Amino acid sequence: MHRHFEEVVYARELIRSGQFGPIHTVCMRNATFGPIMPWYYDPAVVSGGVVYSLGSHGIDIVQHLVGPIEEVSAHTACMMQERTLPSGIVVKNIELEDVAFATYRMKNGILVDHEITACEQQGTDRFLVELYGEKATMLLRGARGPLALYAPEITGTTDWQLPELPDRPFGARHHAEWLEIVRGVKPDEASGWDSLAGMNVIQAIYEAAESGGRVSVPYVEKADYDRN
């Protein structure tokens, strides 16, 4: 769903236009206080912690914006073994990870730092993305607002610019596109390939955290997957 946020759509279009120039590094951050449902912390019910529940969204945005992840190194930890939920329920002996730090090397050489945490009183607003390139810097959902752009060659000024984004109700773009796909007005850009690509990265994060090394991410061409 985060693909359809106006700032993500703007960022992707700018990157694909070539105006942004070569991107060297990306910083991705997903942070919350953590789930409020007690069953979430039961490994017999949930097979993974914050990497699955929260990091998956950030992984999808990264790959959506700058291409497939090729290699992963990572650390994970459970920092809060006991939690008092808003309902007053106390959950003890928690084992699932609530913090993860991952570094990605993309297929195109871009380096990405991804921080995932469910241990913050005031986390990110859905996500925070920073993209750094030769010609521009772009911040999504940071302290400057939904979208901030520093790109003198594009904007003609050395000041930060806050591009105006369409003012739509939450989810309106996402649902409108889905309806167009259902009606056959436009092809479906996403498929099961996107889910597989994200799950392969998640698995690589866990393997890298356990081994302390770098793990290659299996890659299947989207066209080959869709044909099968």
Side-chain angles (χ1 to χ4, degrees), residues 1-20 23 26 28-30 32 35 37 40 46-48 50-70 72 102 104 106-108 110 112 114 116 124-131 133 136 138-142 145-149 154 162-205 217-228:
M1 62 180 177
H2 293 156
R3 293 181 178 199
H4 301 279
F5 283 17
E6 300 296 342
E7 57 272 24
V8 176
V9 172
Y10 182 101
R12 190 167 192 248
E13 290 177 350
L14 182 61
I15 292 168
R16 298 181 81 177
S17 73
Q19 297 180 77
F20 194 90
I23 298 172
V26 177
M28 178 81 209
R29 193 163 192 274
N30 298 111
T32 70
M37 307 79 69
Y40 170 87
V46 180
S47 58
V50 72
V51 175
Y52 266 110
S53 63
L54 188 59
S56 55
H57 295 288
I59 291 167
D60 184 71
I61 291 179
V62 167
Q63 298 199 115
H64 183 62
L65 290 177
V66 295
I69 296 169
E70 184 174 67
V72 172
Y104 311 136
M106 313 301 287
K107 199 173 180 65
N108 53 20
I110 296 172
V112 178
H114 190 186
I116 313 162
T124 56
D125 180 9
R126 297 281 178 167
F127 55 81
L128 186 154
V129 185
E130 303 172 357
L131 299 108
M138 190 157 40
L139 312 178
L140 281 65
R141 293 194 164 236
L147 178 69
L149 178 66
I154 298 174
L162 307 178
E164 186 174 349
L165 301 173
D167 184 16
R168 292 189 176 98
F170 181 79
R173 175 188 281 274
H174 191 179
H175 289 95
E177 178 164 318
W178 179 78
L179 288 172
E180 289 185 343
I181 292 169
V182 171
R183 295 201 307 266
V185 176
K186 63 176 296 185
D188 190 353
E189 180 181 349
S191 72
W193 178 90
D194 299 271
S195 296
L196 175 63
M199 291 304 297
N200 283 340
V201 174
I202 289 173
Q203 183 62 35
I205 289 175
V217 179
Y219 180 75
V220 177
E221 290 291 344
K222 182 175 174 63
D224 294 338
Y225 177 93
D226 289 343
R227 277 198 299 269
N228 294 329

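Positions are given from 1, in the same order as the sequence printed here. Here the structure is a predicted model, which means the values were calculated and not measured.
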So which atom in [X] and which in [Y] form the shortest heavy-atom distance, rounded to 0.1 Å?
| X | Y | value |
| --- | --- | --- |
| Arg29 | Thr124 | NH1-CG2, 3.6 Å |
| Asn200 | Pro218 | ND2-O, 3.5 Å |
| Ile154 | Gln19 | CD1-O, 3.6 Å |
| Val129 | Phe127 | CG2-CD1, 3.7 Å |
| Leu128 | Gly142 | CD1-CA, 4.0 Å |
| Tyr40 | Ser53 | OH-OG, 2.9 Å |

Sorted by chain and number, sequence neighbours left out, side chain to side chain contact (heavy atoms under 4.5 Å, CB included) with Ser47 holds for Tyr52

I want to check something: taking the side chain as every heavy atom from C-beta on, are [X] and [Y] in contact at a cut-off of under 4.5 Å?
| X | Y | value |
| --- | --- | --- |
| Pro187 | Ile181 | no |
| Val26 | Glu130 | no |
| Val51 | Ser56 | no |
| His64 | Glu189 | yes |
| Tyr104 | Ile59 | yes |

Among Val112, Ile15, Leu139, Leu14, find the residue that satisfies the side-chain contact (heavy atoms from CB on, under 4.5 Å) test when tested with Leu131. Ile15

To the nearest 0.5 Å, how far apart are [atom1] in [X] and [atom2] in [Y]?
| X | Y | atom1 | atom2 | value |
| --- | --- | --- | --- | --- |
| Phe170 | His175 | CZ | NE2 | 9.0 Å |
| Leu65 | Met106 | CG | CE | 9.0 Å |
| Leu54 | Asn30 | CG | CG | 4.5 Å |

Show your working on side chain to side chain contact (heavy atoms under 4.5 Å, CB included) between Glu13 and Arg16 and close with a plain yes or no. CA-CA 5 Å; Glu13 290 177 350; Arg16 298 181 81 177; 5.9 Å; no

Only distances under 3.5 Å count here; give the side-chain donor-acceptor pairs of residues 1-8 to other protein atoms, sequence neighbours excluded, each with its distance to 0.1 Å.
unit_1: Arg3; atom_1: NE; unit_2: Asp60; atom_2: OD1; d: 3.4
unit_1: Arg3; atom_1: NE; unit_2: Asp60; atom_2: OD2; d: 2.8
unit_1: Arg3; atom_1: NH2; unit_2: Asp60; atom_2: OD1; d: 2.9
unit_1: Arg3; atom_1: NH2; unit_2: Asp194; atom_2: OD1; d: 2.7
unit_1: Glu6; atom_1: OE1; unit_2: Arg168; atom_2: NH1; d: 3.3
unit_1: Glu6; atom_1: OE1; unit_2: Arg173; atom_2: NE; d: 3.1
unit_1: Glu6; atom_1: OE1; unit_2: Arg173; atom_2: NH2; d: 2.9
unit_1: Glu6; atom_1: OE2; unit_2: Arg168; atom_2: NH1; d: 2.7
unit_1: Glu6; atom_1: OE2; unit_2: Arg173; atom_2: NE; d: 3.2
unit_1: Glu7; atom_1: OE2; unit_2: Arg141; atom_2: NE; d: 2.4
unit_1: Glu7; atom_1: OE2; unit_2: Arg141; atom_2: NH2; d: 3.3

Sequence neighbours left out, what passes side chain to side chain donor-acceptor pair (under 3.5 Å) with Thr32? Give chain and number order. none

Look only at the side chain of Asn108 and the backbone of Val66, and say whether a donor-acceptor pair between them is shorter than 3.5 Å. yes

Does the Gln63 side chain pair with the main chain of Ile69, one donor and one acceptor, at a distance under 3.5 Å? yes

